[in-house]
Every structure is written in C-alpha cells, then in structure tokens.
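To start, the structure itself, in structure tokens.
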Amino acid sequence: MTNSKVVNQNNTQEGKDRKVLLRVDNLVKYFPIKAGVFKRTVAWVKAVDAVSFDVYEGETVGLVGESGCGKTTVGMTLLRLYEPTSGRIIVNGEDTTHYFLSARRAKNYVRDTYVKRFQKSDFKPQDDLDKKYYDIFKNSGENGLLEHMVGDLEKKRLQFRRNIQIVFQDPYSSLDPRMRVKNILAEGPLAHKIIKKPQSIETVGKALEEVGIHSGHMYRFPHEFSGGQRQRVGIARALLMNPKLIIADEAVAALDVSIRSQVINLMMDLQKEHNLTYLFISHDLSLIKYISSRVVVMYLGKLVETAPKEELFEAPLHPYTKSLMSAIPVPNPEFKKQRIILQGDVPSPVNPPSGCPFHPRCPVAQPICSKEVPELKEVKSDHTVACHFPGSL
Amino acid sequence: MEKNPLLSVRNLRTYFYTEDGVVKAVDGVDFDVYEGETLGIVGESGSGKSVTSLAILRLLDPKGKIEEGSEIIFNGKNLLTLTEDEMRRIRGNDIAMIFQEPMVALNPVFTIGDQIMEAILLHQDVDKKKAREMAIDMLRKVGIPEPEKRIDEYPHELSGGMRQRAMIAMALSCRPKLLIADEPTTALDVTIQAQILELMKELQREYGMAIILITHDVGVIAENADRVVVMYGGKVMETSDVRTTFKTPKHPYTWGLLNSIPRLDIEQERLYSIPGMVPDPLHFPVGCRFSNRCEFGEEKCSVEMPPLVEVESAHMVRCFFYHKVEQAQKLSKAGEGA
Amino acid sequence: MTTFIIRRLLLLPLIVLGVSLIIFSLFQILGPDKLLAAYVNPNVFDKLSSEELEVLKEKYGLTKPFAERYGIWLWNALKGDLGWSQVGKDAVLKSILSRFPYTLELALYALIPVVGVGIWLGVAAAVHRDKFLDQFIRIFAIVGWSFPDFVFGLLILMVFYSVLGWFPPGTLSQWAEEIVKSESFHKITHLVSIDALLNGRLDVFWDALRHIIGPVITLSFLWWAYLLRITRSSMLEVLSKEYVRTARAKGVSEHDVIHKHAQRNAMIPVVTVAGNMVIGLLSGTVIIEVIFNRTGIGRLAADAAVQLDYATVLGTTLFYSIVLVLGNLIIDILYAVFDPRVRLG
Amino acid sequence: MSKERKMNTELRRTMRKIFRNPSAVLGFALLIFFVIVAIFAPLIAEPINPMMLDDNGNPMKLDDPYVMPIITWSSTPVPPSADHPFGMIQGRDIFYGVVWGTRTAFFIGLTVTIISTLFGILIGSISGYYGGWIDEVLMRITDVFMSIPFLLAAMVLTTILGNGIDKVMIAMTVFGWMGAARLIRANILQVKEEQYILASKALGVKDYFIIMRHVLPNTIFPVLIQASMRMGSLVITAAGLSFLGLGAPLGYADWGSMLNFTRNWILGASGSTFSYWYAVFYPGMAMVLFVLAWNLVGDALRDVFDPRLK
C-alpha cells in the first residue's frame, strides 16, 4: 500500500505530527450500464478507478480535473451518497467503508477485509490501521473486532455525517425551495439532537451572521436570496454540524465573478476559525492554486498527479497537468506562457483507452504508453505521478 | 485607427417591459468594431452584454424593445431602419452568431449537415449538392474528423467541443464580415476551450472577419481580444485596447474584478472582494450604477451618472474618481514588487 | 430498438394475465348463484329449485375453487376459446372480431379532423400567443373539453336528426344493411364505407357516411380540444428554445422558423397524445356507440357489462388491453422516429 | 414583521397572477356559484312533496331529499312554466333535480378525487422513492390497471356491486388512482436527484423525514393540479354511468340519470323531439358549466404553479 509509506515519510520529514483526517485507499466506483431484453449489465462506467490520496487535518486539498474525470463521483462516494464499488475510506483512523451497509453486509466486509487476513499465520500489519485492528483481534477475537467495527452502526453513521459535510455547486438547487432558511439550517442539528427546537433560532441566527447574512433573514425562502447569499447559506448548513472535513464540490463555479472571491475568502476565514479541513473539488486550476495546500489531479477516473501546491505549479510532471495549466486563460496580456493545445476530446469512461488513459491526447506519448498502465510513483518527496515519462513535456 | 468602423453602436438602449416594471437591460451603450479585429465585451450576469449582441441582430424576444434614438450602423447602414426582410438577408450572411451552449443552440431533430446547408442555401445561389460539398468543406476546416460521415449525424451524437465546431462551421459558412460569439466556450472544458479559441483565431486570420467576443472570463478576453469593453449594469464602464485595460485599469469595477480572481501568473496573499451583490436590473442604483459597491466613490456618485470620458488616447472610463484607482493600482504593484 | 420491442412484447402476456385476473376476481364478488344466472335462460332460472341450482352449479364448475376455475378459463383462452357471448350471440372472439371494424372505421374517420384541425389550431394559437385568436381558440378548446360526450351527442342528435333529419342514428339504413349482408357484396377491408366504394355502391357509401357523421362531429369536437392544448403548449415551449433563435440568427424566414424548426420539435410530445387518442378512440367510444346506436365493440362491451355477461366482458377487456399495449409500443417507436435523441434500449 | 409582509406580497403576487386571467376569474366565479347552490340547496329547492300533505295540511317533507319526488303523473315531458322553471320530465321537477344534483356532483367528484389521489400518492411515492424491485412490481400493477379502459372497468364493477352512487364511487376509485401514482413517481424521480435532497442525506436526515419534508412538498403541487383537472372528467364519467342506467338509481337527483330519462324521448324518432329541448338543456348545461369551472380553475392553477406548461 503506497499510501502508508507517504504518510510515514511526512511525519518524519516535516518533524511534526500531521494527522491524517481522511485516507482514500484504492477507491473504485463503477456505474453499471444496463441494456438488452432483461436489462442486464453489459458494461461499466469506470467513473473512479483506484484513486488513493490522504487529507491531513487543517489543510485544503484541491481535487482538479475536467468534466467526466470522476472528481464529483469521488466526493459523492466519500460522503456515501454513492456506495463505493471497492476500496476503503478511512476517517480519523477508523475504517468507515462499511458504515452505510446493512449490518449483515457490514460484517461480511469486516471479515473479508480484515479477519481473513489476520487469521493467516504469516500475517504482518502493513500500516497503523492494520496494527490497531490486529491488536483488537488478538485481544478479543473476531467477535471483538466485529463489535468494534460494526457495533452501534447507527451511532457511527450519525458521527460520520457530523464529521464530513458538503457544499454543493448549484446554489439554486441545493436549498429546498419550499423551506424557510431557518428550517433548512436547523434540519441537520435537530436530526442529530445537537440542539433542541427552542434553541434553533439562536443557533441558526449565529450561523447566519457568521457567514455574513443578517440573522433577521432566517425566515426568508431561498429564492429571496442572490446566488452568493445562497451559497453562504449552504456553507452555514454544513458548518452547523461542526464538521471536521468539508467537501466543496465546485462551490463557487456557478457564481458571478465578482461574488466568487467573497465566498472564497469567507471559506478561508472559516477554515482558520474552526480548524476545518477542505477537500476542494474544482475544474479551475487558478482557484485550486489560490486555495489549496496540496493538489490532486484526476483524468478519466484515474489519479494522474499529486503534489504540494508550490511544487505542482512550479514543476508539473505529468503532461496532462502541464497542458491543463497552459490552457487556463490568464488575465494578463503580457504574460507569456507555453501553449500546449491538446488534440481531441476526453474519451468515454465506458471504454477508456488501453494503457495510460491520457496517451491518445498526450504530446509526448511513446509506444509503451498505449500498452502499460503507468503506476503511481513517488518521484520526489510527497510528489507522486502516474506517467511513464514524467517531466518529459 | 483612422479606418471607418465596420459596426458602430450608438446610444443603444434596450428595455424589457415586464410585469414587474421596465428592465433597462442596455442603457446607452456605444462602441465600434473595426474590420478584422476582435472586440471583447466583458461583464457579469445582468451587465447587458448578451442583450447587446442580440440587439445587433434584432433577435430580442417580443418583450424587449430597442428604444428610439438607438443606432446600429453596419457597413454604413442603420440596421434598426431596415425591414425585416432586409435584416434577414444580413443575418447569417454578413453577421453571424454563435452561442454559449451548442447542445441547445443546435436543433436536435436535424442533422448538423442539414443545419449548415440551410444557412448556405439561404444566402448563396447554389444547389443542394454544391451546398453539401461546401458544408463538408466547412466541417473539415473547423477540424471535425471524417466530415463526410459526421455531416449526417445529429447534434446529440457529437461531443461538446465538436458541437461548438459545427456551430462555428454553420456561422462561418457564408463568410460573414462580423462574427458575434456569445460566451462560446463557457460550457466547455479548459482544454477544449483552448482548442476552440485557437480555431477561432485561425479562421479569423484566414477570413479577415471581425469578432465580438462576449464573455465573463477576463482571462479569455486578455488572451484573445484586441480591444475590450467592460460592461456593468447595462452601461459601458471602461473601454480601451486590451493591454491598457489589463495593465492600468481605471474604473473601480474593472480594477476590483481583476483583483478578485485567482490567477496563475501572480502570487496572491488574499483576494480582493468587491462588496455587495450583482445589481438587480429592475433596481439599479441612482447615479453611477456601481456606486453602491464602489470603495472609491463619494457622495456625488450616488447622485449623478458619470459620463464616459476619454482619459487617455482611446481609453474611455465612466468614473469621476478614476485617479484614485490609478493610485491604488500603483500601490498594489509596489506591494507586489516588495 | 429490437431489444426494446422484444422487452415490451414480453410484457404483453404479463399485462393480459394481470387484466384477466383482475376482471375474473371482480366477478367472484357476485357469488356462484349470480354467476350461474349468466348460463341459464332467465325465464327458466326463477323456477328452478335449489337442488337443481346446485346441479347446474356443479355442471358449470362454479363450486370449484377460484384458482381452478381461473385455470380452466385461462387454459381455454390459450386455446383461443374465450367462451360464448350472450350479448353477441356468438363466440366471444368472433363477436369481437366482427364488431371491431365498425369501431375502427369510426376511429379513422374521427382521427382526420381531430389531428388535422387540432394541430393546426394549436400551432396557430401558439404563434398568436395571448392575442385574440389565441384567446378564442383556447376558450373554444376548454369548452369542448368540458362537454360530456353524451350531452354533446344528444345535442347533435337533436339538431341533426330530430330537427334537420340529416344524420340518423344507427350504423346503416335497413336497405343498405341488406345489401352489405348479401353475397354479392365483397368484404375486402371490412370497413363498410370503403368496401362500398370498392364495390362501386355509391348509395351504400353515402348511407354509411350519413350515419357516421354525427358521431364523428361529436368525437372530434371533444378531442380537438385536448390535442390543441398539447400542441399549443408544446409549441410555446419550443418557440422559446435557443435553437429557434439560432435559426433566426441564420436568416431563416419566420415561416420556416415556425413550421420547420419549431413544429418538427413540437410534434414530439404530440405524437404521444395523438397515439393515446387513437387508442382511446379504438377502445373508449362506448358512450358514443350507445347514443348513436351503432354496432361496435364499445357497445358490445357496454351491453355485456350491464348484463353481466362475463365471458364477453373478459374478452373485450383483454382485447382492449392488447390494443393498448401494442398501441403504446407503436407510439414509443414513432417517438423515436420523430426524436433522434431517443434511443430505445 | 418583515416576514409576514413577505408572505403577503408573495401571496398577492400569486393571486394577481391568477386573477389577471379572465378565464380563471370565470372559473372561480362558476365554482363559487355552484358551491353556493350546493350549500343552499334546501332553500333554493325546498325538499318537499307538494302532492302529499302531512297531518297539518302542509306539503310533506321528503325523507331523502336526494330522491326527486314525483309531482305529476304525466310521463311525457312538461315544458317550463312559472312553477317549474326548467320544466318536468318523468313526472319530476327538473329544477329540483338540477339544484340537488349539484350536491351529488360535488360529493362524487370530491370523494373520488381525494381518495384516489391519496392512494395514488401512497403507491407512487413508495415506488419512486425506494425504486428497485418494489418500484418494478408496483409499476407493473399500475400498468395492468391502466390497460383496462376506465369507463368499461367502472361499468363492470358498478354492475357487479349493484346500483347506487356509492357503488359508482367505489368503482371509480378502484380504477382511478393510477394517474396520480405515475405523476408523483415521475416527479419524485426528478426531485430525488436535486442537490437539496442529497444535502439532507449528507446531513444524516432519516428517509421518512426526507420524503415528508422535502420530496412530497416539492412534488405534490402538480398532482393536486392534476386532481383538480380530473374532477371534471370524474363527474362526466359518473354521469355517463348514470346515463347508461348503471349509477344512481331511478329518480335520484343526479344530472346523469336525468339525462337518461331524456334519451328515450330523443331517440323516440318522432319529428317533434326538439320541443323537449329543456330536458337536455338544463341538466346538460349544469354539467358542462360544472366541469368547465373545474377545468378553468385547474388550468389557472397550472399556469401559475407550473410555468413550464403555459
């Protein structure tokens, strides 16, 4: 497992204990395509294909890619609005992959993923999580581990929902048009019994003021607000759950240019105040450069490059990352940049190209690229790339 | 500069008469487009940029009226005085248009070939066979692979980028003198956007046509336009050549806009935010339309509409206090250097 | 496309089975005594003793459990034997098939004015949106839609038959019916008016026409309205679409913008409605056939329902459901033809 | 209290939108007229039998005001007169029947609409929200019910159950819920993909609350509009059944069965039938106007709440 290596290095190299808040391990999400007389599955849309990355506490990770690269699916799957096809989602040092399965399937998951491995005589823990679960397994056996991981599933689900929240792209469809803002905002905290009904006015008022909306507007309906204000309401809704991680899926893409920076600045201020962690999903590389500390680049369901922001923007190694950067229009007529115009369209994720998914459009592709899938390698410290010839463009 | 403009828009006012009141979507807009150049019109939603483009071709929906006193002079003729029939001969022939969303801008029940050929047959004296050949040529020219096959496909069978190419082929099939491109790449991915913008530049060089490029993306304007018109609240706020506007913006709105977007070319500590909301066209503020969001404004601004004045050669600004922006710009440049 | 058709055809037996099961179980509410009445001459029925009744029940299998009786009916139905129709005085299947042409003929005649005029008026209303013409057409349509078919039918009868004496009720005059039934009259299409033309009997053709005009007026007045409204709203929606603007930006004339670019798209939902209408006309002209005293399948079904002739009721409902499923299949195929975006699969 | 004011302006805007349209005004006016007639029926047409006197010598009160009293033994229709403004048919006063028939129409229409719509909503929302095999089974059942022509099915069931308006209502409900079920299912499938539903799921809100709080309020309006438009056609069908002699019993204050009387006089093939026009006209017009009222109201509501279908 490549990821554990990355984590350990980080801890030692930077000399401080950066805690991994979210670890995405080999996440796969396929959607079936059904056809034929009996609607059988004939093919799969490989929306997310073996994606792994870590998100440390307090940082902002930018997940960037073009439409159809699977970045939104990653967000939805992390939130378990979609169930992952395979892979693990580890939050705060606990495997949460099975949280939203039925109790029976959750147990099967734990048995298949851990117990069967632990029972082998030559088993050695590969990472911290293995070690933790193996200790429990040794001390209290299979039932003990099951109790630890599957016991009280309902409570675990609620805890999970509180830990991870989402801010959506579309400020128009992300708020229920028939509900007053007060009820929209109070819904989550009431469902989790964080607050009681009489308190809701006070809590909601505070949250609104915090995102820069007059608390007296809590009785309004969403359509009485502008796009920017609605997005603020969306942020307040997430904030009210006291989450550790907020997934922002194109959170400012639909806003007018002059409103975007208001919302971006607000989100950065809130991050400091609440010690939030962000996973910022966007197609806009300039925005990602501004807001994030580390960047994950996706193409056609696969992760192609991940690196700290400065590193990535100074020396991108994957030809795709580099072309993407060159394609972003810069509002400075005097700024000279290398122009790389990619040929053709993004292929369909139903029939991804063989080998490296980027090879049909890659300006520096070699014969091997169409045959072998490049592995994700750590080329420099904390800078991984999936390319046979990194840095050749 | 001494050339005669291909298109002159003078005091264009376009009002929409709705149940809730009169929406002054475009309220006294002036600009010129010269042969062979690209004029960028930049603005946010409600700035009136798209309405301006539709007004030029007189394609507004029935609620919108072009007010008396407006002039749109194309090739020496005032388009607003032409009959509907005369206007029809200009549309698609002398002035063509491409739209933001090729998926909805192309008719879903006709093949792209049908739609390109229709434009050719309307304006050129050719038979169907010849028109088909011309359409295939056009498709090849805009970089659609296997045009002989693609010509018989329906819009939904093409990808977004290919659709926009087909749209361009349709618009350029009669070699217009002016192409109006209304957010032509907004719906596309950046790598596809780069392809399409490059294609438009190539075709412009080949055909020598003028382009009005309408977008909200200042980056696209900076890289593709020769001159720029900044619109806000139905009015032109600033206009000059692209370099001048982007290097030394003089209107508070332009300045704020350029400082509020995340950029690849410079390091930014914290983005500037233009305060307030995009104005509702039903309730523009009195005086300067930007006065309620402006940080440089004084009392005068909320009373009186500033005129559009030429502050440097060919650099027009609608602001009483543009020198304040000059100072702020100097300060921020100094800060960058430090 | 092929898989789509196969899928739908596979559904057909399921639906037919479901329909027959529902109707069959509904009749069980009656209980064996009343069910027996369907088998016995009513004059004899009242005089029978209870023992005799039991014997008869046994004979007709009415004492057997529900599942078994349904099984027997189903088995016979599969063999093509739907039983004896008391109303039709013939085998059920034969009664249905012999009456279906009359209904089909009426439906076809009604369809021409309904579709032609309905679409034409709908487009006109949309193009002149909110103007006088639009308001007028809309009022006309909603009034038409609000008229119960039997009230309008009665009015038509009163005016055109009682007062003017032009359009009599019934299917054919006595003399014409005799000609049609005679050996020398060749039944080619089984549609009387067309067969009359093919046989060169203009007088019979005219007689058939005279009898069919009343119901056609009634049906078209009621159905126009609906088609017109759908066409209008669909047309309005299409006219606000961007591709209509693109067409105008190309310099396409207003006539072509409306009748080529817009109308072709607006017809897509209209196909569904028009199709449903055909199905409705084929299966739902019950009241019209009763009022105008016409021979037809609706009339057969109505009579059977009133007289609890359950073999006929089962037969006609099954026939209807088959028409409906096949009709819907055809609509979906047409839909795909009209809209290249729809891929059936 | 800006909140209240906001509400009021919103409401006023909607009202203004509705009442700017003259046909909507006509619809509501007609509807109100019928409501008034229905409420004050005992005052407009007193439920008494003038042919029979009670002990005090006053006309006897009717046991069941919905059964039209026979007031003349002449079986041919009697033309309108001062005492009987709409004339008489089959010995019964047409005016009385039209007035009390209003109540019958409301009763049948509202009951059937409400019950069948509620049932449809139940089936449709279960089907749409849960999807999978539940959806598959429920929708196939719906298909089967939809494959039987409504009028015929209602006829069969009414005949089996026996005459009476309660039987008509049962029959129409059993075969009348599918439209609402399909509509609400389609709407739910659409709403389910909305981001606010996903947001609620991400908040950990329970399914039941998501349906009740978000899905239903956002899907129910088109169903209610459809229901109001169905009122008209349901009344037509009920009357149609009565007209065929299956619904209300003979002499019941019901527009359809009054027209049933007329049928014989019109098809009687004598040249003078047009002189019986009042027998068709009054009950027929009552019905047309009643259905028209509902259609106009439904249309107006749809225009306001569903701008897509203007």
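Note on naming: letters A, B, ... go to the chains in the order of the sequence lines (proteins, then strands), and numbering restarts at 1 for each one.
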Segment of [X] engaging chain D (4.5 angstrom heavy-atom cut-off):
| X | value |
| --- | --- |
| A:Gln159 | neither |
| A:Met76 | side chain |
| A:Leu81 | side chain |
| A:Arg162 | neither |

Test your reading of the model: is there a side-chain donor-acceptor pair from [X] to the backbone of [Y], 3.5 Å cut-off?
| X | Y | answer |
| --- | --- | --- |
| A:His192 | D:Leu203 | yes |
| A:Arg161 | D:Lys201 | yes |
| A:Glu187 | D:Val205 | no |
| D:Gln195 | A:Asp170 | yes |

Problem set entry | Distance-minimising heavy-atom pair for A:Ser174 and D:Ala199 | O-CB, 4.5 Å

For this session: Please report the closest heavy-atom contact between A:Leu79 and D:Ala202, naming both atoms and the distance.
Result: CD2-CB, 4.3 Å

When rounded to the nearest 0.5 angstrom, what distance separates [atom1] in [X] from [atom2] in [Y]?
| X | Y | atom1 | atom2 | answer |
| --- | --- | --- | --- | --- |
| D:Asn218 | A:Met179 | CG | CE | 9.5 Å |
| A:Leu158 | D:Lys206 | CG | NZ | 5.5 Å |
| A:Asp176 | D:Ile210 | CG | CD1 | 11.0 Å |

For this session: Any chance you could lay out the side-chain contact (heavy atoms from CB on, under 4.5 Å) test for D:Arg213 and A:Asn183, step after step, and finish with the verdict?
Result: CA-CA 10 Å; D:Arg213 242 187 261 147; A:Asn183 297 332; over 6 Å; no

Counting only heavy atoms not in [X], do more than 12 sit closer than 6.0 Å to its [atom1] atom?
| X | atom1 | answer |
| --- | --- | --- |
| A:Arg105 | CZ | no |
| A:Tyr109 | OH | yes |
| A:Gln199 | CD | yes |

Problem set entry | Candidate pair A:Arg178 and D:Phe221, rule side-chain contact (heavy atoms from CB on, under 4.5 Å), full reasoning | CA-CA 11 Å; A:Arg178 292 194 195 279; D:Phe221 271 95; 3.6 Å; yes

Exercise. Mind checking whether D:Tyr196 and A:Pro177 have side chains closer than 4.5 Å, heavy atoms only?
Worked result: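 Of all side-chain heavy-atom pairs linking A:Pro177 with D:Tyr196, at least one is under 4.5 Å.
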
